[in-house]
Visitor: 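Encoded as structure tokens, here's the structure I'll be asking about.
This structure is a prediction, so every number in the text was calculated from the model and none was measured. Atom set for the values below is all heavy atoms of this structure, side chains included, hydrogens, waters and symmetry mates excluded.
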Amino acid sequence: MNEKFAKTGFYPADILLPRDADMTKWAVVACDQFTSQPEYWQAVEDTVGAEPSTLRLILPESKLNDPNVDEHIANINASMNEYMDKGIFKTLPGSLIYIERSQSDGRIRHGLVGMVDLDQYDFTPGSGALIRATEGTVLERIPPRVRVRQDAPVELPHVMLLIDDPARTVVEPLTAAAEGMEMVYDFELQQGGGHLKGWKLSDAQMDAVADALVGLCADEVIAEKYGMSGVAPLLFAVGDGNHSLATAKRCYENQKKVTPESEWAALPSRYALVEVVNNHDDALQFEPIHRVLFDVDAVALLDALKAYYPGAYEGKGEGHVIAYTHSGGTGHITVPQPKVQLAVGTLQAFLDEYLKANGGEVDYIHGDDVTDELGAKPGNIGFKLPAMGKEQLFKTVMADGVLPRKTFSMGHAQDKRYYVEARKIR
């Protein structure tokens, strides 16, 4: 492996692609999307029919708690082995793939597919690893996913990692060079998912990517971007698929327990296939996720919020400003001199303690109008949070460890990653 990549935790991979398949039928959206819409997955089933498809190689999360889940998993593993035995896959050895994804809003998102070293990834809050989670990892969500992955011969990624590259040194140079690169796919995604193109990088281009990634780790670059010096660099922040990456980590750690340490470096499970996207890509949009509380006394809750943060007051001012709506009207609470980077962190810390002590339920809502509509009903209160600026993501993770859960959403469901590439993990 290129020693430059060893400094980044990101590497070219032996990438598997279908040798001869209808790519529109082959690619399906990330398994954690449309979980409450069985009609979506039925439409995928109808589209795919008996053709080779990643639908046979993944478990939609809507089936994760199905009473027949063990049968589903066994069928997935059998399909993987069948595809391998029948030569469905071809291998692009030691490769990186540059991709352009046309989204539902017409914008084009640019990415780079390769693999990361799971020894360089840690989802523990406050970790100094090169690859870190952005939000808290719910440990209870990992074991069911381990059951899907632990005996699988191949992996298919929907993990998206973000890099903080305002100078656009890593991915963007490939955009201008794409015309002269080897195209490996170009097709329409099913179910309104947009369009996807992919090109294989040359050796020289891979070398340039390695140099650019190493440059992002330089102390002077970190000091300029975050006002911090001498700190462990955060090169990759998990934007999507955190629990999938955590599952890959758990499976690797389980294999290490039964493998001599001298052989750990050769374990295929040590690595996981991912897509890398620049946080500054114009197509990447962060949308806030609001909160609505049910079965609460809205006025008492607001009084408790102001008591929880001495100095907090009604109205807009300097500090964290949180808008609210309840049956008695609307307003704002300002918390001056906050101790965390984001308003969502200020609010969530209070809500966790308040609900534990007083009861009530919370739901996480997309959209101002829906939040206002639900919040205005008797017994409810809605809180609208400001959108997190993309420039805040890396600095917040470095300063606070991880973001509060449900801080932001990245794009609509149909714009999430589709399964296309695969990689052997056994």
Visitor: Mark yes when over 12 heavy atoms from residues, nucleotides or ligands other than K395 sit less than 6.0 Å from its NZ; otherwise mark no.
Guide: no
Visitor: Mind checking whether V335 and Y308 have side chains closer than 4.5 Å, heavy atoms only?
Guide: no
Visitor: Do side-chain atoms of S95 reach the backbone of P93 as a donor and acceptor pair under 3.5 angstrom?
Guide: yes
Visitor: Are side-chain heavy atoms of I381 and T325 found at a separation under 4.5 Å?
Guide: no
Visitor: Report yes if the side chains of M410 and M160 come closer than 4.5 Å at any heavy-atom pair, otherwise no.
Guide: yes
Visitor: Is the shortest heavy-atom distance from the side chain of I425 to the side chain of R149 under 4.5 Å?
Guide: yes
Visitor: Of all the heavy-atom pairs spanning A177 and Q205, show the shortest one and how long it is.
Guide: CB-NE2, 3.7 Å
Visitor: Identify which one of D207, V113, I97, L112 satisfies the side chain to side chain contact (heavy atoms under 4.5 Å, CB included) criterion when paired with L201.
Guide: L112
Visitor: Describe, in one word, how the ring planes of F286 and F408 are oriented to each other, choosing from parallel (under 30°), tilted (30 to 60°) and perpendicular (over 60°).
Guide: parallel
Visitor: In terms of heavy-atom contacts, does CD of E287 have more than 12 from other residues, nucleotides or ligands at under 6.0 Å?
Guide: yes
Visitor: With no hydrogens and no angle check, is any side-chain donor or acceptor of T24 less than 3.5 Å from a backbone partner on Q190?
Guide: no
Visitor: Under 3.5 Å, side chain of R56 to main-chain N/O of M80, donor-acceptor pair present?
Guide: no
Visitor: Per the side-chain hydrogen bond (donor to acceptor under 3.5 Å, both in side chains) rule, which among R168, R109, E172 passes with N278?
Guide: E172
Visitor: For the atom pair CG (D415) and CG (D105), what is the distance rounded to the nearest 0.5 Å?
Guide: 6.0 Å
Visitor: Of all residues at least two apart in sequence or in a different chain, which pass the salt bridge (Lys or Arg N to Asp or Glu O under 4.0 Å) check with K249?
Guide: E253
Visitor: Any Lys/Arg nitrogen of E61 or R145 sitting under 4.0 Å from an Asp/Glu carboxylate oxygen of the other?
Guide: yes
Visitor: How are the rings of Y324 and F383 set relative to one another: parallel (under 30°), tilted (30 to 60°) or perpendicular (over 60°)?
Guide: perpendicular
Visitor: According to the interplanar angle, ranging from 0 to 90°, do the rings of Y40 and F34 count as parallel (below 30°), tilted (30 to 60°) or perpendicular (above 60°)?
Guide: parallel
Visitor: Might you confirm whether atom CD of E179 has over 12 heavy atoms from other residues, nucleotides or ligands at distances under 6.0 Å?
Guide: no
Visitor: What pair of heavy atoms forms the shortest contact from A283 to Q103, and how long is it?
Guide: O-NE2, 3.3 Å
Visitor: Is the ring pair F394/Y226 parallel, tilted or perpendicular, if the boundaries are 30 and 60 degrees?
Guide: parallel
Visitor: Hey, could you give me the OG1/CD distance between T396 and E391, rounded to the nearest 0.5 Å?
Guide: 9.0 Å
Visitor: Sequence neighbours excluded, which residues qualify as side chain to side chain contact (heavy atoms under 4.5 Å, CB included) partners of A218?
Guide: E220, V221
Visitor: Taking the side chain as everything from C-beta on, heavy atoms only, tell me whether Y121 gets closer than 4.5 Å to V116.
Guide: no
Visitor: Any donor-acceptor pair under 3.5 Å linking the side chain of E135 with the backbone of T407?
Guide: yes
Visitor: Give the intermediate values and the outcome of side chain to side chain contact (heavy atoms under 4.5 Å, CB included) for residues Y364 and H290.
Guide: CA-CA 6 Å; Y364 302 93; H290 303 315; over 6 Å; no
Visitor: Taking all non-hydrogen atoms of both residues, which atom of K424 and which atom of P268 are closest, and how far apart?
Guide: O-CB, 3.9 Å
Visitor: Once rounded to the nearest 0.5 Å, what's the spacing between atom CD1 of I73 and atom CG of D151?
Guide: 9.0 Å
Visitor: Determine whether more than 12 heavy atoms belonging to other residues, nucleotides or ligands lie under 6.0 Å from atom NE2 of H72.
Guide: yes
Visitor: Look at K197 together with E100 and state whether they make a salt bridge at an N to O cut-off of under 4.0 Å.
Guide: no
Visitor: Do side-chain atoms of W26 reach the backbone of T54 as a donor and acceptor pair under 3.5 angstrom?
Guide: no
Visitor: List the steps, then state whether side chain to side chain contact (heavy atoms under 4.5 Å, CB included) holds for R147 with V69.
Guide: CA-CA 10 Å; R147 291 168 59 201; V69 67; 3.5 Å; yes
Visitor: Check whether more than 12 heavy atoms from other residues, nucleotides or ligands sit under 6.0 Å from atom CD of Q37, and answer yes or no.
Guide: yes
Visitor: How far apart are the C-alpha atoms of V170 and V276, what are their side-chain angles, what is the distance that settles it, and do they pass the side chain to side chain contact (heavy atoms under 4.5 Å, CB included) test?
Guide: CA-CA 10 Å; V170 178; V276 172; 5.6 Å; no
Visitor: Are more than 12 heavy atoms, taken from residues, nucleotides or ligands other than E263, located less than 6.0 Å from that residue's CD atom?
Guide: yes
Visitor: Between D164 and K390, does any side-chain N to carboxylate O distance fall below 4.0 Å?
Guide: no
Visitor: Should the pair D281-R101 be classified as a salt bridge under the 4.0 Å nitrogen-to-oxygen rule?
Guide: no
Visitor: Of the non-hydrogen atoms in A27 and F187, which two are nearest, and what is the gap between them?
Guide: CB-CE1, 3.8 Å
Visitor: Would you indicate whether D203, at its atom CG, is surrounded by more than 12 heavy atoms from other residues, nucleotides or ligands within a distance under 6.0 Å?
Guide: no
Visitor: Just wondering, are more than 12 heavy atoms of other shown residues or ligands nearer than 6.0 Å to NZ in K225?
Guide: yes
Visitor: Between D240 and R417, does any NZ, NE, NH1 or NH2 come within less than 4.0 Å of an OD or OE carboxylate oxygen?
Guide: no
Visitor: When rounded to the nearest 0.5 angstrom, what is the spacing between CG in D119 and CD1 in I131?
Guide: 10.0 Å
Visitor: Going by the salt bridge (Lys or Arg N to Asp or Glu O under 4.0 Å) test, which pairs reach into residues 9-37, not counting sequence neighbours?
Guide: none
Visitor: How close do L59 and K63 get, heavy atom to heavy atom, and via which atoms?
Guide: CD1-CB, 3.8 Å
Visitor: To the closest 0.5 Å, what do you measure between OH (Y419) and OG (S53)?
Guide: 11.5 Å
Visitor: Side-chain contact test, heavy atoms from C-beta onward, threshold under 4.5 Å: evaluate it for Q120 versus L235 and give yes or no.
Guide: no
Visitor: Kindly compute the distance separating CG (L92) from CG (L17), expressed to the nearest 0.5 Å.
Guide: 5.0 Å
Visitor: Start with the C-alpha distance between K200 and I15, add both sets of side-chain angles, then the distance that settles side chain to side chain contact (heavy atoms under 4.5 Å, CB included), and finish with yes or no.
Guide: CA-CA 10 Å; K200 184 176 180 292; I15 296 175; over 6 Å; no
Visitor: Testing the basics here: between Y271 and E155, what is the closest heavy-atom pair and its distance to 0.1 Å?
Guide: O-OE2, 4.0 Å
